[in-house]
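To start, the structure under review is shown below, and the notes come after it.
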Amino acid sequence: MTWSLSEDEASGLFCSFRWSGDDRKPFCPRCEEKEPYAIRRRRFRCSDAGCIREFSVTSGTVFHSRKLSFKKLLIAIREEVGAVKGLAALPGGEK
């Protein structure tokens with residue numbers, strides 16, 4: 001399934017994961033303003049006059065500074081989570 005996603009569909013999945021509230025609309029990660037506006041592809045700007053922060057779906061997450069596409073990130077997450085034997089939670093393996 002993950003391999004067949006387009007980049008826009010993968011980005012939509014990230015949006016649904018990040019903004020999974022009742023209305024599924026983006027909000028500013030700094031001031032939590034609920035009415036940002038789109039400024040360019042996959043980027044938003046806060047509409048609060050005191051904030052005016054630019055952000056994306058990955059702002060404030062571990063994926064913030066990553067340059068990989070959303071599709072490649074989803075594939076990496078799927079491979080990590082779906083490992084056959086699982087991965088040890090502690091360094092050094094099982095005790």
Side-chain angles (χ1 to χ4, degrees):
M1 176 189 148
T2 311
W3 290 101
S4 64
L5 291 175
S6 69
E7 187 63 18
D8 288 333
E9 291 170 332
S11 172
L13 275 175
F14 265 87
C15 288
S16 68
F17 297 151
R18 176 74 188 263
W19 299 305
S20 62
D22 296 332
D23 55 2
R24 292 186 180 254
K25 291 183 180 178
F27 59 88
C28 178
R30 183 176 178 191
C31 69
E32 297 184 4
E33 171 65 39
K34 302 284 187 196
E35 298 294 326
Y37 56 93
I39 56 173
R40 60 180 181 259
R41 189 175 184 181
R42 299 186 188 108
R43 302 286 297 172
F44 302 94
R45 182 167 286 153
C46 183
S47 60
D48 182 25
C51 182
I52 311 176
R53 183 180 178 148
E54 189 175 316
F55 63 94
S56 72
V57 68
T58 58
S59 294
T61 69
V62 295
F63 302 114
H64 175 71
S65 62
R66 303 298 186 259
K67 300 298 180 192
L68 291 173
S69 68
F70 287 107
K71 184 176 177 177
K72 287 182 181 179
L73 287 173
L74 283 175
I75 291 169
I77 291 168
R78 182 179 179 269
E79 291 297 318
E80 193 71 23
V81 171
V84 176
K85 292 184 177 182
L87 300 173
L90 300 173
E94 296 179 20
K95 300 279 180 188

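Note that the structure is a prediction, hence the values are computed from the model and not measured.
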*Would I77 and F63 count as a side-chain contact (heavy atoms from CB on, under 4.5 Å) if you check the C-alpha gap in whole Å, the side-chain angles of each, and the deciding distance to 0.1 Å?*
CA-CA 11 Å; I77 291 168; F63 302 114; 3.6 Å; yes
Could you give the distance from [atom1] ([X]) to [atom2] ([Y]), rounded to the nearest 0.5 Å?
X   : Y   : atom1 : atom2 : value
D48 : K34 : CG    : NZ    : 13.0 Å
S4  : K71 : OG    : NZ    : 7.0 Å
C46 : F27 : SG    : CZ    : 11.5 Å
T58 : L68 : OG1   : CG    : 11.5 Å
S69 : E7  : OG    : CD    : 4.5 Å

Give a yes or no on whether [X] and [Y] share a hydrophobic cluster (residues Ile, Leu, Val, Met, Phe, Trp, Tyr; joining criterion: side-chain heavy atoms under 4.5 Å apart).
X   : Y   : answer
F70 : W19 : yes
V62 : L13 : yes
L73 : F17 : yes

*Can you name the side-chain contact (heavy atoms from CB on, under 4.5 Å) partners of R18, sequence neighbours left out?*
P29, V57, T61
*By side chain to side chain donor-acceptor pair (under 3.5 Å), which residues pair with E54, not counting sequence neighbours?*
R40, R43, R45
_Restricting to non-hydrogen atoms, name the atom on C28 and the atom on C31 that form the minimum distance, rounded to 0.1 Å._
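C28 and C31 have their closest heavy atoms at SG-N, 3.5 Å.
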*For R42, enumerate each residue passing the salt bridge (Lys or Arg N to Asp or Glu O under 4.0 Å) test, keeping only those at least two apart in sequence or located in another chain.*
D8
